[in-house]
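Heavy atoms only: backbone and side chains are in, while hydrogens, waters and symmetry mates are out. Keep in mind the model is a prediction, meaning the values are calculated, not measured.
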Amino acid sequence: MSAVICRQSDRHRLAILAVDEVVLFDLAIPQQMFPMARSSEGTALYEVFFCGPKPIARSGAVTINEVAPLSELFYADTVIIPGNLQMLEFHQPQVIEVLQQVAAQGIRLASICTGAAILAATGLLNGLRATTHWTLVETLAQCYPAIKMESDVLFVDNGQLLTSAGLAAGQDLCLHMISRDFGVQVAEKVADMLVMPLARQGSQAQQLYRHNEHAASPLQDLQLWMLDQLHQPLTLKTLAQRACISQRSLSRRFHEQTGISPMAWLYGARVRRAQSLLESSRMSVEQIAAACGFGSAAGLREAFRREVGSSPSAWRKTYSALATTDS
């Protein structure tokens, strides 16, 4: 693997920490995903490069070439910290010190999977919520009692500091960051390229399908149907009838698989659809509210205030320039 720094001032500069014994899957997720994010003109929105203590990093049979020095982290907008095969024995004071200094400058830090162990070692997560691979949660909680470790989420966003759960949950975190940086429309296109849903949320249980893998298909079918019916006044009774099970069984199975209720999932899907329409169309707020099942512009504004921390008009002003089409 190799990465070449090609600085362009209009790109979000994203550095991936590359050290010996890095978990290659964790490293490959951001290295592949962020370059897929593009503007309406097809311009790459991220400048992605590797940084580390040595110009070459090795992990197993793989060599990562052209690793920029740690000093380049100070010129990044975001630093991604992949997991490491020596996560609990990771002892590189220079790396820890630079990460602390980088954070002091306000640069965003995000760990993938067991990379949370490296981020925890900096002390930056003390007093904050965090997550990691479910098999490591208890160990990190014991090693770093000042961190509020959580096992039933896919990722945790503290603003400047973010952590993801195990392995593929790093993809959910990356999509979340792309959405936060450049809007839902851009993130949706990346998700489409990866043939994965944008709908998985940070509140979703990371041990998804672990206990009842055969329950996945009916819920997936129901979720796809719900996405096609967002404009309709759906109720729990309607959803249960569609799934041919009782309301109580639907609620229980939905919570087992997603960590939230069917109506909470529906609410989130409506907000995401509204975000996408604000970015990609010239529909009025009233029209979007109707198309997404909020009933009124006031209902849409309240949903945005609660879920997004912004207003529909502010979201459109921020992200509509990145839309690929007008409709």
Side-chain angles (χ1 to χ4, degrees), residues 33 131 134 152-157 164-180 183-281 288-295 299-300 303-304 306-308:
M33 289 184 66
T131 192
W134 63 274
D152 291 327
V153 293
L154 292 174
F155 58 82
V156 174
D157 182 349
S164 86
L167 301 175
Q171 294 177 297
D172 296 287
L173 177 61
C174 290
L175 284 177
H176 170 73
M177 294 169 70
I178 293 170
S179 178
R180 205 175 90 175
V184 171
Q185 192 78 5
V186 173
E188 280 183 335
K189 291 192 175 300
V190 174
D192 287 344
M193 290 291 291
L194 295 168
V195 197
M196 65 176 290
L198 183 63
R200 296 217 307 171
Q201 294 297 288
S203 59
Q204 187 162 320
Q206 62 167 295
Q207 288 179 266
L208 189 66
Y209 309 148
R210 183 172 300 280
H211 302 298
N212 188 2
E213 61 185 27
H214 298 294
S217 181
L219 284 190
Q220 289 176 345
D221 292 341
L222 178 62
Q223 287 170 328
L224 289 173
W225 180 82
M226 290 163 69
L227 291 175
D228 287 335
Q229 305 295 322
L230 294 181
H231 59 290
Q232 299 288 354
L234 302 178
T235 64
L236 182 61
K237 180 179 179 181
T238 303
L239 300 181
Q241 290 175 340
R242 175 72 186 185
C244 299
I245 56 177
S246 70
Q247 296 180 47
R248 178 176 296 182
S249 294
L250 175 62
S251 296
R252 175 177 54 80
R253 293 183 186 179
F254 219 97
H255 195 275
E256 286 175 352
Q257 294 297 303
T258 69
I260 56 178
S261 70
M263 301 311 291
W265 189 93
L266 177 63
Y267 189 81
R270 283 174 165 155
V271 171
R272 290 189 296 276
R273 177 67 57 80
Q275 289 175 302
S276 180
L277 289 174
L278 285 165
E279 296 167 20
S280 63
S281 78
I288 292 175
C292 298
F294 287 105
L300 176 58
F304 261 63
R306 181 185 305 173
E307 299 296 316
V308 184

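Contact check for Arg273 versus Leu227: side-chain heavy atoms found under the 4.5 Å cut-off. By the 4.5 Å heavy-atom criterion applied to side chains, Tyr267 and Arg306 are counted as neighbours. Here the side chains of Ser251 and Leu236 are in contact, with some heavy-atom distance below 4.5 Å. Within the 4.5 Å cutoff, side-chain heavy atoms of Leu250 are placed close to those of Leu219. In this structure, Arg253 and Ile245 have side chains that are in contact, with non-hydrogen atoms separated by less than 4.5 Å. Using a 4.5 Å heavy-atom threshold, the side chains of Leu278 and Phe304 count as touching. Taking 4.5 Å as the limit, some side-chain heavy atom of Leu239 sits within range of a side-chain heavy atom of Trp225.
Here the OG1 atom belonging to Thr238 is positioned 9.0 Å from the CD atom belonging to Gln247, to the nearest 0.5 angstrom. Going from atom OG of Ser179 over to atom CD of Glu279 covers 7.0 Å, rounded to the nearest 0.5 Å.
The heavy-atom pair separating Thr235 from Met263 by the smallest distance is C-SD, 4.0 Å. For the residue pair Leu222 and Ala243, the shortest heavy atom distance occurs at CD2-CB, 4.2 Å. Summarising the geometry of Phe294 relative to Ala303, their closest heavy-atom pair is CE2-CB, 3.5 Å, with the distance given to 0.1 Å. Heavy-atom minimum distance, Ser281 versus Ile288: OG-CD1, 4.4 Å. Closest approach of His231 to Ala291, counting heavy atoms only: CB-O, 3.3 Å. Between Glu188 and Ser276 the shortest heavy-atom distance is OE1-OG, 3.0 Å.
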Could you walk me through whether Leu266 and Leu230 pass the side chain to side chain contact (heavy atoms under 4.5 Å, CB included) check?
CA-CA 8 Å; Leu266 177 63; Leu230 294 181; 3.6 Å; yes
Derivation and outcome, side chain to side chain contact (heavy atoms under 4.5 Å, CB included), residues Cys292 and Leu277
CA-CA 9 Å; Cys292 298; Leu277 289 174; 3.9 Å; yes
Go through Asp157 and Arg180 one step at a time and tell me if the side chain to side chain contact (heavy atoms under 4.5 Å, CB included) criterion holds.
CA-CA 11 Å; Asp157 182 349; Arg180 205 175 90 175; 2.7 Å; yes
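The 12-atom threshold is not exceeded at CE of Met193, counting heavy atoms of other residues, nucleotides or ligands nearer than 6.0 Å.
Side chain of Gln275 to backbone of Val184: no donor-acceptor contact under 3.5 angstrom is found.
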